[in-house]
Amino acid sequence: MTLHGFVVRNALRNRRRMLLTMLSVGASMFLLVTLLVALRELTNPPTGIGASLRIAVPSKVSLATELPARQRPILEKLPGVRAVTPLTWFGGRLNGEESFNLPQFGIDARYFREVFAEAILSEADWTAWMASRTACIAGKDVAERYKLKVGDRIRIQGDIYPVDLELTLAAVYGIDGAAAADSIFFHHEYFDEAMGNPGTVGMWWVLAESAEVVPGLIDRINATFANSSAEVRAETERAFQLGFISMLANLKLLIGSICAVVVFTLGLVTASTMSMAIRERFRELSILKAVGFRRRDLFAFILAESFGLSLAGGMLGAGAAVGLYSSPLVTKFSKGFFPIFEVTPQIIGTALFVAATLGILASLMPALSVMRLSVVEGLRALD
Amino acid sequence: MSSEALVQVRGLRKVYRQGEIDVAALAGIDLDIHAGEFLALMGPSGSGKSTLLHLIAGIDRPSAGSCHVGGVDVATLGQSELAGWRNRNVGFIFQSFNLIPVLSALENVEMPLLLTGLSHARRRELATLALDLVGLGDRARHLPRQLSGGQEQRVAIARALVTDPALVVADEPTGNLDSHSAQEVLGILGALNRDAGRTIIMVTHDPKAAASATRIVHLEKGELSP
């Protein structure tokens, strides 16, 4: 027998309690990992192939404020600009659905593949899309969810705009990488006609010639329309997406608070379990003291047991999270809201660190009480 | 100081505080115990016999006086030194056996040896030898709950002997046993004293148990009685 073996035997002595403790730590760590992953998903927008070159140009007033279409030629003439496309959020209901369920955008289809380079759309599919003004393309996730196939008629009822769009699915696109292809794109020109050519767009997306010119180009775009009737706020794609996140208000704080409660509760559970486990062993621990084990030896036994149980529970919870979230079911059940639910090594590390730290902290009180306990007092303790 | 005495107790006092009242468990004891003696400490409950045993064994601290064991004043040792000293010099036998329930008989006996730095094989060898000595070689893999009370106490005796201590202390070793098992345990202790020259100090209420000893000391209200 070894000292390590002794610690393991003690940890296993009450298997039901050990199992329940591990499960409670595991469940807490699963929840913690879930919250951390959700937080990451909300605060770290995915970056595609062309993300470093793309510049979002919405109105300086608000995202809901439209921009004049006449800005386009001005934008196209700015040095460093490779392509410009309007992008208008339609926000309608698909095929008579009761509520909005997926993003739909009007776009200049000629530049779709260039500006959104991570989209996978073959030349033939793109040509098919270009062939008809009422043609549209749908992401493969949309096509799977709604069981759409090329040639299907799609009706999008406008909620924001007072028009309905009658579209024909020309092709299904994919996305290079883990991001979901969860949108429908249609010709902006068709939308303009349906709206009676109002001469406005939702926003512009500008593709820069290189990443180096992006900062200067952003300044030039903003300066070009400064003091005009339609001022813009050009920014990188990442900054633009983070702007969306800021709309989530205190969600980050809320999730952080839930994480703190989870950790605190876990600490109480583990401390309570360890206290019970040690209290019923006072007599044995006193015998160990009597036969020569030092206080620091007993402290190490208790610490190792608590640390091991918590860490095992943490591994269980984090492992379950990795197993579940690496499955495509998450994207399916979140209807694409969480296209990627990636449990990063950093998140796993955080969960295991929290579990191990709490294991250590939970053992401190019972360990200190055992250290303080005299052999004689311990021998008097009830079994 | 007598050169032959293994244990020399001088003016040993132990006072417990119970609320606002000081209770003297030992009121200044002087006692010599020689190497090779089998001493029985007798007396009514609360007479201080277990307290005296605990002080000699170094698991409690005296309020005053000294207690030399093998020339070492155990009252002056620090916590860590005292733990090491107990491991090397004292073997414990308790009334409730106090075996570790998750360890086999052999592993229980081996436990004190984990602190000695001996190899795993050597520890196993010594633990097996000690179990054989108490006649439980064939029960080495049994857990305490699979043993009778008498067998558990014999395992506890093996655990007390395995480090080859100078002193074996036994606190009511037959208190939880039936008469047959008690006789077995007393027989083993007697043989250890007689044949192996072990120094044994045993606390007991039972005159029959005390009869196994080579000397009987009575305590009464914290003092030695004639």
Side-chain angles (χ1 to χ4, degrees), chain A residues 1-19 21 274 276-302 304-306 308-309 367-383, chain B residues 14 16 25 50-51 53-55 57-61 78-116 119-120 123-124 127 143-145 156 159-163 165 169 171-172:
Chain A
M1 191 193 52
T2 62
L3 292 174
H4 300 97
F6 180 59
V7 171
V8 172
R9 296 279 186 88
N10 270 322
L12 295 175
R13 68 163 57 197
N14 189 330
R15 290 179 189 220
R16 182 184 300 169
R17 183 169 58 203
M18 179 206 70
L19 193 65
T21 305
M274 282 313 295
M276 280 192 291
I278 299 308
R279 186 169 291 278
E280 70 187 26
R281 260 184 261 159
F282 266 3
R283 197 181 179 90
E284 287 170 40
L285 291 166
S286 298
I287 298 299
L288 292 181
K289 263 190 185 178
V291 301
F293 283 88
R294 292 164 174 80
R295 293 198 291 190
R296 62 170 180 266
D297 298 323
L298 303 184
F299 186 82
F301 287 157
I302 296 167
E305 186 178 333
S306 179
L309 272 179
L368 287 172
S369 65
V370 167
M371 284 176 69
R372 280 198 294 264
L373 187 75
S374 78
V375 177
V376 175
E377 285 170 338
L379 291 175
R380 287 198 198 111
L382 291 174
D383 281 324
Chain B
K14 179 67 182 179
Y16 292 109
S50 287
T51 302
L53 191 77
H54 293 158
L55 293 174
I59 58 174
D60 203 358
R61 300 275 188 183
Q79 285 282 354
S80 193
E81 288 174 307
L82 195 57
W85 176 83
R86 284 197 301 265
N87 180 252
R88 291 186 301 275
N89 295 285
V90 185
F92 289 89
I93 304 166
F94 300 96
Q95 181 177 351
S96 311
F97 325 135
N98 289 328
L99 301 179
I100 310 288
V102 292
L103 301 181
S104 68
L106 186 69
E107 289 167 338
N108 264 286
V109 175
E110 192 187 341
M111 203 70 198
L113 295 175
L114 289 176
L115 300 165
T116 58
S119 70
H120 177 69
R123 290 198 309 261
R124 278 284 150 123
L143 291 171
R145 66 170 183 272
R159 182 179 65 187
L161 298 174
V162 75
T163 53
V169 296
D171 194 353
E172 303 267 14

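The shown structure was predicted, so the numbers you read here are calculated from the model rather than taken from an experiment. Chain identifiers are assigned alphabetically (A, B, ...) following the order of the sequence lines, protein sequences preceding nucleic acid strands; residue numbering begins at 1 within each chain.
For chain A, no part of B:Val90 is nearby; none of its heavy atoms comes within less than 4.5 Å. Neither the backbone nor the side chain of B:Arg61 comes within contact range of chain A; no heavy atom of the residue lies under 4.5 Å from a heavy atom of that chain. Both the backbone and the side chain of A:Arg13 come within less than 4.5 Å of a heavy atom of chain B. With a threshold of 4.5 angstrom between heavy atoms, B:Gln79 approaches chain A through side-chain atoms but not through N, CA, C or O. For B:Leu103, the parts lying under 4.5 angstrom from a heavy atom of chain A are both the backbone and the side chain. Neither the backbone nor the side chain of A:Leu12 comes within contact range of chain B; no heavy atoms are under 4.5 Å apart. Interface remark: A:Arg281 contributes no atoms to any contact with chain B (heavy atom separation under 4.5 Å).
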Take A:Phe299 and A:Phe301, measure what ring-ring contact (aromatic ring centres under 6.0 Å, His included) needs, and give me the verdict at the end. CA-CA 5 Å; A:Phe299 186 82; A:Phe301 287 157; over 10 Å; no
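Between B:Arg159 and B:Glu110 there is no salt bridge, since no side-chain N of the basic residue sits under 4.0 Å from a carboxylate O of the acidic one. Ionic pairing of A:Glu280 and A:Arg17 is present here: one or more N-O contacts between side-chain nitrogen and carboxylate oxygen are shorter than 4.0 angstrom.
Applying the salt bridge (Lys or Arg N to Asp or Glu O under 4.0 Å) rule to pairs touching residues 79-99 of chain B yields nothing, sequence neighbours excluded.
At a threshold of 4.5 Å between non-hydrogen side-chain atoms, the residues A:Phe293 and B:Pro112 do not count as touching.
The candidate with the highest count of non-hydrogen atom pairs below 4.5 Å against chain A, out of B:Leu82, B:Val102, B:Ile100, B:Thr163, is B:Val102.
With no hydrogens or angles considered, no side-chain donor-acceptor pair links A:Arg295 and B:Ser80 at under 3.5 Å.
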